[in-house]
Protein chains: 2
Amino acid sequence: MASKPRRPIPDATVSRLPIYQRVLDELQNTGSTTVSSEDLAELAGVNAAKARKDLSFLGSYGIRGVGYEVDYLLFQIRHALGLTQQWPVLIVGVGNLGRALADYAGFTSRGFPVVALVDDDPAKIGTEHVGVEIRPLADLADLVRELDIAIGVIAIPSSGAQRVADLLVEAGVSSILNFAPAVLTVPDDVHLRQVDLAVELQILSFHRQRGRRDVEARDPGGRSG
Amino acid sequence: MASKPRRPIPDATVSRLPIYQRVLDELQNTGSTTVSSEDLAELAGVNAAKARKDLSFLGSYGIRGVGYEVDYLLFQIRHALGLTQQWPVLIVGVGNLGRALADYAGFTSRGFPVVALVDDDPAKIGTEHVGVEIRPLADLADLVRELDIAIGVIAIPSSGAQRVADLLVEAGVSSILNFAPAVLTVPDDVHLRQVDLAVELQILSFHRQRGRRDVEARDPGGRSG
DNA sequence: GGTGCCTTGTGAAACGCTGCACATGGTTGC
DNA sequence: GCAACCATGTGCAGCGTTTCACAAGGCACC
């Protein structure tokens, strides 16, 4: 037994593995055969100790005194992330965002081919985008079954997002990526991730605001007891 | 006034404030005047105690025995997030994603008007999108100064992302939202947030993979050394 | 074959976040 | 004005993540 996960991989580590993967990909393209945790961490924008601990959750794939073999580490990360196979993606909503996502080459090249597009606008149904026919919302369940959809992407206004999420779940999709600015409710066994563009801007706004306040008056007082 | 930051607001709380804001916005539109932490938490998809603790960092704006006044709490959250004013946004890269972002009504309606578009494709320069003229990359610094740009959005392929980030920083932009799948380096006083679509998919892939492994119970084809 | 150098892998401390449980304090009804 | 009620605000314990510091282990050179 080799690649059995001795310890569960922490969420924080999982969210960084794709970054390491991309960095290693670039290193591979530049001809590097080995890399130290320090160099890898630098390229990934993290602490070297963190990088080592992250990688240690996959197993002991480093060579002390030398570093990590790029090819082998890359394989192990891909294996851990489940990127040794393709995961067909269905996008609901072929508006500006849906089109941008469908066109995004990074999806297909990283193993997430967009194989189905769904929309409820009669004018769009039947037309093609990037070689994929746009189908009506009613076909969703059929498409999921026929194309073995692994991940559903919600790229519609928030008003219909919960209904679409319900449809996806009902059709058997257990991984959903939601771009609608709404809080969705799904069963526990369905993995839902949220990308909220307005939230990101508001967080930036907060820090900018705070920075100004810091400059205005640094107040060490207060009634914290 | 006198709204001194008693305690620094934790990052985790900051990232949830925009959610509360959106929920309160909806409550306001439905005519609710007060809301309990339990109801608010339910709508925001979090624990009630967490919601109370989050809000307590802004100050004691609740009424014991009653709940929170929607209007007032909304004002306080907006104030904390710096949303009492508009933050002009510049988007670099008017490809599919850049257009989608420029068209996204959620930006302007939440106080982030897209006032400038920049691209390096000569065919696009001079044309308009959503009423904003597309200008060459060389005009970036001028636009930042003239329009008092608060936030720069990078929506170009990763190969040019660092260069554009450098240009933005040099022009005085201190808040950057990056959609390019690359690790960017900026000075400490610049706030950088990363939205990486492929990373999100890979995290979903990991969880799906893990679920399957649980089902398989044993992994065939493991490689030991 | 031995010595010294180099990098990994990890124990442990520090830090931040979460969630429970309850004291606090304001409101309502009489 | 008083008592019962109710939701907030928070002390505290538990948990996950980060970071340091160092022992363990492999390689290269002589």
Side-chain angles (χ1 to χ4, degrees), chain A residues 2-3 5-17 19-20 24 27 32-70 72-74 76-77 80 203 206-207 210 222-225, chain B residues 5-17 19-20 23-24 27 32-70 72-74 76-77 80 203 206-207 210 225:
Chain A
S3 53
R6 347 196 118 207
R7 303 168 279 192
I9 303 181
D11 287 346
T13 295
V14 172
S15 68
R16 283 187 294 267
L17 288 180
I19 312 294
Y20 300 136
L24 288 166
L27 284 170
S32 301
T33 57
T34 62
V35 63
S36 69
S37 65
E38 198 159 346
D39 290 349
L40 178 62
E42 162 101 31
L43 290 167
V46 301
N47 181 292
K50 196 190 289 186
R52 283 201 297 277
K53 185 151 282 190
D54 281 343
L55 298 179
S56 76
F57 286 109
L58 306 181
S60 283
Y61 299 134
I63 307 164
R64 296 178 190 224
V66 178
Y68 299 86
E69 198 181 333
V70 172
Y72 189 52
L73 186 56
L74 201 41
Q76 291 297 347
I77 290 179
I203 293 173
F206 168 82
H207 288 296
R210 193 190 52 168
R223 36 170 252 179
S224 55
Chain B
R6 346 195 122 205
R7 301 169 280 190
I9 303 180
D11 286 346
T13 295
V14 172
S15 69
R16 283 186 295 266
L17 289 179
I19 312 294
Y20 301 135
V23 168
L24 288 166
L27 284 170
S32 302
T33 57
T34 61
V35 64
S36 69
S37 65
E38 199 159 343
D39 291 349
L40 178 63
E42 162 100 32
L43 291 167
V46 301
N47 181 290
K50 197 190 287 185
R52 284 201 295 279
K53 186 154 284 189
D54 282 344
L55 298 179
S56 76
F57 285 109
L58 306 180
S60 284
Y61 298 134
I63 307 165
R64 295 178 191 223
V66 179
Y68 299 86
E69 199 181 332
V70 172
Y72 190 53
L73 186 56
L74 200 41
Q76 291 297 345
I77 290 178
I203 293 173
F206 168 82
H207 288 296
R210 195 186 50 169

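Please read these numbers as outputs of a predicted model, since none were measured by experiment. Here is how names work: the chains are called A, B, and so on, in the same order as the sequence lines, proteins then strands, and each is numbered from 1.
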Protein-proximity profile, nucleotides 22-27 of chain C, B/S/- by nucleotide at the 4.0 Å heavy-atom cutoff, equals --BBSS
CG-CG distance between Leu73(B) and Leu55(B), expressed to the nearest 0.5 angstrom = 5.5 Å
Leu55(A) CG - dT10(C) C1' separation (whole Å) | 14 Å
Dump every N/O contact between nucleotides 14-17 of chain D and the protein below 3.5 Å, one line per pair.
| unit_1 | atom_1 | unit_2 | atom_2 | d |
| --- | --- | --- | --- | --- |
| dT17(D) | OP1 | Ala12(A) | N | 3.4 |

Point-to-point distance, once rounded to the nearest 0.5 Å, from CG of Leu27(B) to OH of Tyr68(B) = 13.5 Å
Rounded to whole angstrom units, what separation is found between the CG atom of Asp54(A) and the P atom of dT10(C)?
-> 13 Å
How large an angle, rounded to 10°, do the end axes of the helix from dG1(C)-dC30(D) to dC30(C)-dG1(D) enclose when each is built from five base pairs?
-> 10°
To the nearest 0.5 angstrom, please state how far the CG atom of Asp11(B) sits from the CD1 atom of Ile203(A).
-> 8.5 Å
To the nearest angstrom, how far is Leu73(A) atom CG from dT8(C) atom P?
-> 11 Å
Please confirm whether the backbone N or O of Ser56(B) pairs with a side-chain atom of Arg7(B), one donor and one acceptor, at under 3.5 Å?
-> yes
d(Tyr20(A) OH, Thr13(A) OG1) to nearest 0.5 Å is 7.0 Å
Tell me whether the OP1 or OP2 atom of dT7(C) has a side-chain N or O from Tyr61(A) closer than 4.0 Å.
-> no
Which pair of heavy atoms, one from Ala80(A) and one from Leu58(A), lies closest together, and at what distance?
-> CB-CD2, 3.6 Å
Between the base of dT19(D) and the side chain of Lys53(A), is there a donor-acceptor distance below 3.5 Å?
-> yes
Which atom pair, heavy atoms only, marks the closest approach of Leu17(B) to Ile77(B)?
-> O-CG2, 3.8 Å
Give me the residues of residues 32-49 of chain B where at least one heavy atom lies under 4.0 Å from an atom of DNA chain D, by number, or none.
-> Ser36(B), Ser37(B)
Those residues at least two apart in sequence (or on a different chain) that pass salt bridge (Lys or Arg N to Asp or Glu O under 4.0 Å) with Arg16(A) are Asp54(A)
Length of the line joining Ile9(B):CD1 and dG16(C):P, which is rounded to integer Å = 15 Å
Which pairs would a plain distance check flag for residues 37-48 of chain B, meaning a side-chain donor or acceptor within less than 3.5 Å of a matching protein atom at least two apart in sequence or in another chain?
| unit_1 | atom_1 | unit_2 | atom_2 | d |
| --- | --- | --- | --- | --- |
| Ser37(B) | OG | Arg52(B) | NH1 | 3.0 |
| Asn47(B) | OD1 | Ala49(B) | N | 2.7 |
| Asn47(B) | OD1 | Lys50(B) | N | 3.4 |

